Amino acid sequence: MQDFLNIQKLLDSLEEIVMVVDTDYRIIVANKRLAEMVGMPLKDVLDKYCYEISHNRNSTCVNNCPLQEVFKNGIYQKVTHIHTFWDGTERYEEIAFTPIKDKDGQVIQVVEIIRDMTESKKIEKQLIHSEKLACMGEIAANLSHEINNPLGIISGFVQRVLSKIKQDDEIYEEIKIVEQECLRCNRIVRDLLNFARPGHLQKNICDLRDVISSTIPLLGYKLKERKVHVLENFGEAPLYIKIDLNQFQQVLVNIFLNALHAMPEGGNLYIGLKLNDDSGKKKIELLIQDEGSGISPVYIDKIFDPFFSTKAEEGTGLGLSLAKRIIEAHGGKIFAKSELGKGTTIIIHLPVIEMD
Ligand SMILES: Nc1ncnc2c1ncn2[C@@H]1O[C@H](COP(=O)(O)OP(=O)(O)O)[C@@H](O)[C@H]1O
Ligand SMILES: [Mg+2]
């Protein structure tokens, strides 16, 4: 019973930040969560002004201060607020202001309770993102299905026309272009379908070094044409992994093609593979590093989003989103580091299979 009457202990046991402010905006009661947030001992927080503590100011805030409003009109208020710390990190807060009045109804103090909503905000954002993805997937599946049929008919007729005209015919070149463009549309539709309805994974145990070595020749001609040299560093020991070979090759091809596209003047494409033993949890780390144009910090968070592309006509924006989905279906993670004008590194972490 004695403990329960200790108000300070009670306030300190709360998850929320609590403070009571008087009409001068001086903090007269606070709990240890406030002290932790501002990085000061609790005794130093008391008697400070709230604008000093919360906003590092030396006078009252002029605009939009709910505390001032509550003192003026005596009505409870709840607001949401993004608090930016010194190091630039942000915290979503929900702040409730409750007036304490004297017997004449005059507000003499205000209780401020701050709840950290950063985690739930993050989850809410992820939810919206995955709903958006599901919706896009649905549209993509329907659209590609609708386009597939007329495209098949056009391609069929193009083939018939080509078989009936000779190579020196004046329209031969034009029809060849129609054929190529049909193939391009086919590729886009296939990517869209893959993205919208990823196939079932057929996993087998393989040495990842062999998987990569057998994928590079698929791009042989393009590598030569672009004057891109592949530098491999795969280590001596096999790195076993359980993967769907086809889908994994698709991931690699998408990443390699992006790297080639970023190096129109040629350059080195470094592919590194190693066993990472960080924090006692073994995982395979695959690095694919180019010396290309790099990605602007404005876009870096968007590159794994479906349909995000900076390539106008040439891109579908599905390569990396598909890669991310496939890697995650293999229990892995994919992320990118990039410096504008210097190059990009795609990093993939995958679970390793240990064989005796
Ligand atoms: N290696 C890279 N170098 C520079 N930019 C890249 C690289 N990889 C991806 N990007 C950027 O990410 C975007 C999305 O890539 P992706 O999903 O493969 O779609 P697409 O290649 O069809 O544009 C690209 O349009 C490009 O802006
Ligand atoms: Mg791409």
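Counting starts at 1 for both ligands and their atoms, following the listed order. Everything numeric in this text was worked out from a predicted model, so none of it was measured.
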Grab the two heavy atoms, one from Lys302 and one from Phe308, that are nearest each other, plus how far apart they are. O-CB, 3.4 Å

Could you report the tightest heavy-atom contact between Leu42 and Ala30, atom names first, then the distance? CD1-O, 3.7 Å

Strictly under 4.0 Å, does any heavy atom of Gly317 approach an atom of ligand 1? yes

Should we say atom NZ of Lys311 is surrounded by more than 12 heavy atoms from elsewhere, each under 6.0 Å from it? yes

For [atom], grab the closest protein heavy atom and report residue, atom and distance to one decimal in Å.
atom	result
atom 1 (N) of ligand 1	Asp290 OD2, 2.7 Å
atom 14 (C) of ligand 1	Phe308 O, 3.2 Å
atom 16 (P) of ligand 1	Leu320 N, 3.6 Å
atom 21 (O) of ligand 1	Lys311 NZ, 2.6 Å
atom 23 (O) of ligand 1	Ser309 OG, 2.6 Å
atom 12 (O) of ligand 1	Ile303 CG2, 3.3 Å

Please determine if Ala262 has a nitrogen or oxygen closer than 3.5 Å to a nitrogen or oxygen of ligand 1. no

Check this for me - ligand 1, Ser293, N or O atoms closer than 3.5 angstrom, yes or no? no

Salt-bridged, [X] to [Y], with N to O below 4.0 Å?
X	Y	answer
Lys78	Glu94	yes
Lys176	Glu173	no
Lys166	Asp168	no
Glu181	Arg184	yes

Could you see which bit of Thr310 sits under 4.0 Å from ligand 1, with heavy atoms only: side chain, backbone, both or neither? both

Kindly identify the option in Ile295, Thr316, Asn258 whose heavy atom sits closest to atom 6 (C) of ligand 1. Ile295

Ligand-residue contact atoms, ligand 1 with Gly319, heavy atoms, under 4.0 Å: 16 (P), 17 (O), 18 (O)

Could you list the atoms of ligand 1 found under 4.0 angstrom from a heavy atom of Gly294? 4 (C)

Is Ser309 close enough that one of its N/O/S atoms sits under 2.8 Å from the Mg ion (ligand 2)? no

Once you round to the nearest 0.5 Å, how far does NZ of Lys32 lie from NZ of Lys9? 10.5 Å

Looking at side-chain heavy atoms only, is the closest gap between Asp244 and His330 below 4.5 Å? yes

